[in-house]
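Below, chain A is the first sequence line, B the second, and so on; all start at residue 1. A quick note: this is a predicted structure, and the numbers were derived from the prediction, not measured.
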Amino acid sequence: MSTPRIWLSNKSPKKGEIVTVRTIVQHVMETGFRKDADGNTVPQKIINRFSCTLNGKPVISWTPGTGVSANPYLEFRFKAEEAGELKMIWVDDDRAVIEAVEKITLA
Amino acid sequence: MRGRNASGIFTASCFAGRLSIYMAGQGFRAPKRMQELSRRQTFALFGWALAALAFMRPSTAAAQTQALIGEFTAGKTPVAGKIDLDIPFTADNGNSVPVGIKVDSPMTAENHCSEILVVAEKNPRPKVCSFGFEPGLAVPYLSLRIRLAETQTVQVFAKMNDGSVFVARKAVTVTTGACAPGG
């Protein structure tokens, strides 16, 4: 699996500051409705779960469906109440996992 | 007129005669003909079933959307407001339509947005995606890209911790749908 691209508005925010996170991963997000050149249905393969935690505390959970574009892009925000590890996990239908960790320090 | 009638009778009698000769020649294999008839009937039945399916499809898609929204709202009537939904009026490419969602909520333990549901009723699967939040670190602000099969109204529902549901709707004109071949 590919490495996700992640951008943070501020890696060392003040306590309580709202930080914007932009993420994008490479994934086909195959809907299962498409047919290949031989007329066979291409089986569904999508990222069906995403979650972000800061030191294990939930920030956001996302359940993408077939209606989410290929190479899913997600921008979200969180309150930087503590320093630590911002962990993001993507899981697809084949149970392939993409993980990313960003260090957050408080200014 | 009379001649035509006579010829009609002639062909009919000819056919009957040939049929009897054929049946005699085949040692009375009527069942084969019966089978063929029943096969034809089966085809006709299939045709009817397909037509019925094609006729029912839109209503089942609508029912699917209704069930989806009903499950999310859990009996509450969605109220317009609290959601800032940002989608372009026209989308050139249905494969990637930018969507921005902001929910007005203090995100405290007593008052916070717990769930968001994105619905595109004319997509093959109306449920685009859903989000879950817990109070503390979460901020109900999102931006993502979705697929739209055709021109339609996108609905975003937000559920608060007290069970109340808010909704925002926006019509999007899609130039090239996400289901277009080669797309």
Side-chain angles (χ1 to χ4, degrees), chain A residues 7 9 13 15-25 27-37 39 41 44 46-84 86-87 104, chain B residues 64-65 68 72 86 91 93-103 105-108 112-150 152 154-155 177-183:
Chain A
W7 174 90
S9 62
K15 187 175 159 48
E17 190 180 320
I18 288 172
V19 178
T20 305
V21 186
R22 290 180 190 151
T23 64
I24 190 163
V25 285
H27 198 280
V28 286
M29 294 296 279
E30 194 60 66
T31 58
F33 304 122
R34 221 164 52 87
K35 288 196 168 121
D36 64 12
T41 307
Q44 179 185 313
I46 60 165
I47 287 174
N48 56 40
R49 196 154 56 84
F50 166 81
S51 68
C52 176
T53 52
L54 179 62
N55 295 336
K57 290 174 187 164
V59 170
I60 186 172
S61 68
W62 182 28
T63 312
T66 50
V68 171
S69 300
N71 304 328
Y73 166 81
L74 181 67
E75 182 181 327
F76 59 93
R77 288 177 178 174
F78 73 97
K79 273 179 234 158
E81 292 292 351
E82 54 193 87
L86 189 74
K87 199 171 176 185
I104 305 286
Chain B
Q64 213 181 327
T65 311
L68 179 68
F72 186 80
D86 184 19
N93 183 0
N95 273 308
S96 183
V97 183
V99 177
I101 302 164
K102 254 185 271 180
V103 180
S105 165
M107 295 307 280
T108 57
H112 62 268
C113 169
S114 57
E115 265 178 274
I116 289 178
L117 176 71
V118 183
V119 180
E121 57 187 356
K122 286 187 180 167
N123 274 14
R125 267 188 213 121
K127 183 179 176 176
V128 175
C129 64
S130 62
F131 295 91
F133 302 101
E134 276 173 51
L137 305 173
V139 177
Y141 168 95
L142 303 157
S143 177
L144 67 155
R145 288 168 195 158
I146 66 168
R147 287 175 173 138
L148 292 177
E150 54 185 287
Q152 57 184 300
V154 174
Q155 304 180 80
C179 299

J.: Sort out for me which of S130(B), A138(B), G100(B) touches chain A most, counting heavy-atom pairs under 4.5 Å.
T.: S130(B)
J.: Tell me, side chain or backbone of I18(A) under 4.5 Å from chain B's heavy atoms, or both, or neither?
T.: side chain
J.: I need the residue from V59(A), N71(A), V68(A) with the largest number of non-hydrogen atom pairs under 4.5 Å to chain B.
T.: V68(A)
J.: Locate the shortest heavy-atom distance separating P64(A) from C129(B); write the atom from each residue and the value.
T.: CA-CB, 3.6 Å
J.: Measure T53(A) against the heavy atoms of chain B and call it side chain, backbone, both or neither at under 4.5 Å.
T.: neither
J.: Specify which of L144(B), L137(B), V99(B), V128(B) makes the most heavy-atom pairs with chain A at under 4.5 Å.
T.: L137(B)
J.: For chain A, which of E134(B), R125(B), E115(B) has the most heavy-atom pairs under 4.5 Å?
T.: R125(B)
J.: Determine the option with the most heavy-atom pairs under 4.5 angstrom with chain B, choosing from K57(A), K79(A), R77(A), K35(A).
T.: R77(A)
J.: I'd like to know if the side chain of R147(B) and the backbone of S69(A) have a donor-acceptor N/O pair within less than 3.5 Å.
T.: no
J.: Taking every heavy-atom pair that is under 4.5 Å apart, which of F78(A), W62(A), F76(A) has the most such pairs with chain B?
T.: W62(A)
J.: Is A80(A) in contact with chain B via its backbone, its side chain, both, or neither, using a 4.5 Å heavy-atom distance?
T.: neither
